[in-house]
Number of protein chains: 2
Amino acid sequence: MPRRIDTHERKEQLAEAVWRVIRDKGIGAVSVRTVAAEAGVAVGSLRHVFPTRTELVEFSARLMVRRATERLAATARTGDARRDAVAILRHLIPLEPDSRAELEVNLALIAEAPATPELVPIRDEAYRALLGLCAHLVASLAPDLDETRLATEARRLHALVDGVALHLLTDPDTADTDWAVECLRDEVDRLAGSRPR
Amino acid sequence: MPRRIDTHERKEQLAEAVWRVIRDKGIGAVSVRTVAAEAGVAVGSLRHVFPTRTELVEFSARLMVRRATERLAATARTGDARRDAVAILRHLIPLEPDSRAELEVNLALIAEAPATPELVPIRDEAYRALLGLCAHLVASLAPDLDETRLATEARRLHALVDGVALHLLTDPDTADTDWAVECLRDEVDRLAGSRPR
DNA sequence: GCCAAACTAGCACGATCGTGCTAGTTTGGT
DNA sequence: ACCAAACTAGCACGATCGTGCTAGTTTGGC
């Protein structure tokens with residue numbers, strides 16, 4: 001048969017072009033033409049891989065979730081619950097370009113969900129995964145909590161980390177980011193410190 | 001001269017049409033045509049009031065911020081710092097249709113900011129106003145904090161309330177909202193309880 | 001060498017977009 | 001009564017959009 005069928009590499013390359021367009025011009029500028037131009041390919045080539053625009057956006061969203069998950073899974077575990085928790089939480093807020101891009105894409109997708117219903121299950125899946133991770137962190141920090149309080153604290157941590165992330169993303173004073181880490185470290189200490197409460 | 005120049009009422013009517021379109025179809029569906037149709041007027045009439053699309057969106061954003069500010073200012077003060085703080089924070093999360101719509105519009109504007117730079121100062125202004133409100137609440141709950149800790153706690157409260165709001169907005173299980181209020185009440189108690197820390 | 005399948009490139013169509021522009025329609029002051 | 005200003009309504013233009021479609025171009029198995 002013809003050339004190798006390594007569509008995967010091409011798909012990822014196009015998805016990254018989608019992210020760049022979102023990052024630079026906003027989600028409203030994502031079209032098959034702009035993405036193809038950003039990726040340096042013709043529209044026809046793009047549409048050979050992604051026949052419709054929806055499939056392009058959908059794959060880009062899924063890949064973003066997958067990348068974030070992989071990055072989280074790759075963070076080293078030292079065994080110290082507090083240190084590990086802070087290390088993981090640091091990966092959830094936009095401190096580096098890639099995590100920042102991920103969050104910007106995520107936000108854009110949330111805002112575009114009414115127009116593209118296919119994105120809703122992806123957003124919900126990411127939401128639940130992050131909540132589950134927060135629950136895991138809380139459980140490792142304060143293992144003696146009963147189930148209802150664990151759920152409450154997990155939701156609280158989830159809200160705090162997403163709020164911090166959102167503010168870091170749009171803060172007019174982009175210079176200082178220490179407060180964000182400090183804020184998360186305080187929460188970790190609070191959870192670990194008051195074991196039985 | 002001709003008819004009365006009560007452009008204001010018309011402008012607000014059109015801005016509310018913008019909000020409905022954002023709410024139903026997403027920010028991407030906001031065009032002079034869709035908004036005019038939603039408001040039940042002709043495109044020409046809309047463009048007599050808002051010559052360009054940017055002015056339409058800009059006014060809608062500003063009006064949303066103003067409405068939210070008014071709603072916050074209208075919350076009754078009982079003198080009990082904790083009770084008042086919870087009452088104000090309740091107005092910042094999407095528990096009722098109007099505050100929910102405000103948040104959806106706000107989120108859409110954040111996502112569209114790269115495409116419409118005129119929205120950036122509006123978003124920053126709203127950000128700073130909300131941060132200032134949080135600082136005010138923290139100061140009334142824990143008046144003995146030094147300045148740096150007050151700033152830290154204000155940012156933390158700001159992040160928490162925005163995170164809770166974001167999650168309430170997109171939570172797959174829209175049924176229970178009690179955890180959100182409980183979460184904010186816990187934070188208020190924590191701030192008021194550990195006065196000097 | 002060769003050919004079918006994978007891939008690239010691009011044209012064309014209808015729809016929608018923002019906006020400049022002009023023509024009707026109301027309406028309040030005189 | 002009347003007219004100028006405020007307002008309503010809509011046409012037209014170029015740009016961009018998603019997508020159906022058809023040609024070229026590569027390329028691996030025979």
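Numbers restart at 1 for each chain; the letters A, B, ... are given by sequence-line order, proteins then strands.
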Enquirer: CD of A/E9 versus C1' of C/dC7: gap in Å, rounded?
Expert: 15 Å

Enquirer: Would you say B/R100 and B/E96 make side-chain contact, with heavy atoms under 4.5 Å?
Expert: no

Enquirer: Using 30° and 60° as the class boundaries, would you call the ring planes of A/F59 and A/H8 parallel, tilted or perpendicular?
Expert: perpendicular

Enquirer: Can B/R190 and B/E187 be counted as an ion pair, charged N to O under 4.0 angstrom?
Expert: yes

Enquirer: Check DNA chain D against residues 28-60 of chain B and give the residues with a non-hydrogen atom under 4.0 Å, in numerical order.
Expert: B/A42, B/G44, B/S45, B/H48

Enquirer: Have a look at B/L92 and tell me which of B/D162, B/L103, B/L133, B/L184 forms a side chain to side chain contact (heavy atoms under 4.5 Å, CB included) with it.
Expert: B/L133

Enquirer: Both distances below 3.5 Å, Watson-Crick or wobble geometry, any strand: find the nucleotide opposite D/dA23.
Expert: C/dT8

Enquirer: Can you tell me if the side-chain N/O atoms of B/R10 get under 4.0 Å from OP1 or OP2 in D/dT8?
Expert: yes

Enquirer: May I have the distance from A/K25 (atom NZ) to D/dC17 (atom C1'), rounded to whole angstrom?
Expert: 15 Å

Enquirer: Answer yes when B/E38 and B/K25 have at least one side-chain N-carboxylate O distance shorter than 4.0 Å, and no when they do not.
Expert: no

Enquirer: Could you check if a side-chain atom of B/R71 sits within less than 4.5 angstrom of a side-chain atom of B/R67, using non-hydrogen atoms only?
Expert: no

Enquirer: Separation of A/E112 atom CD from D/dC17 atom P, in whole Å?
Expert: 14 Å

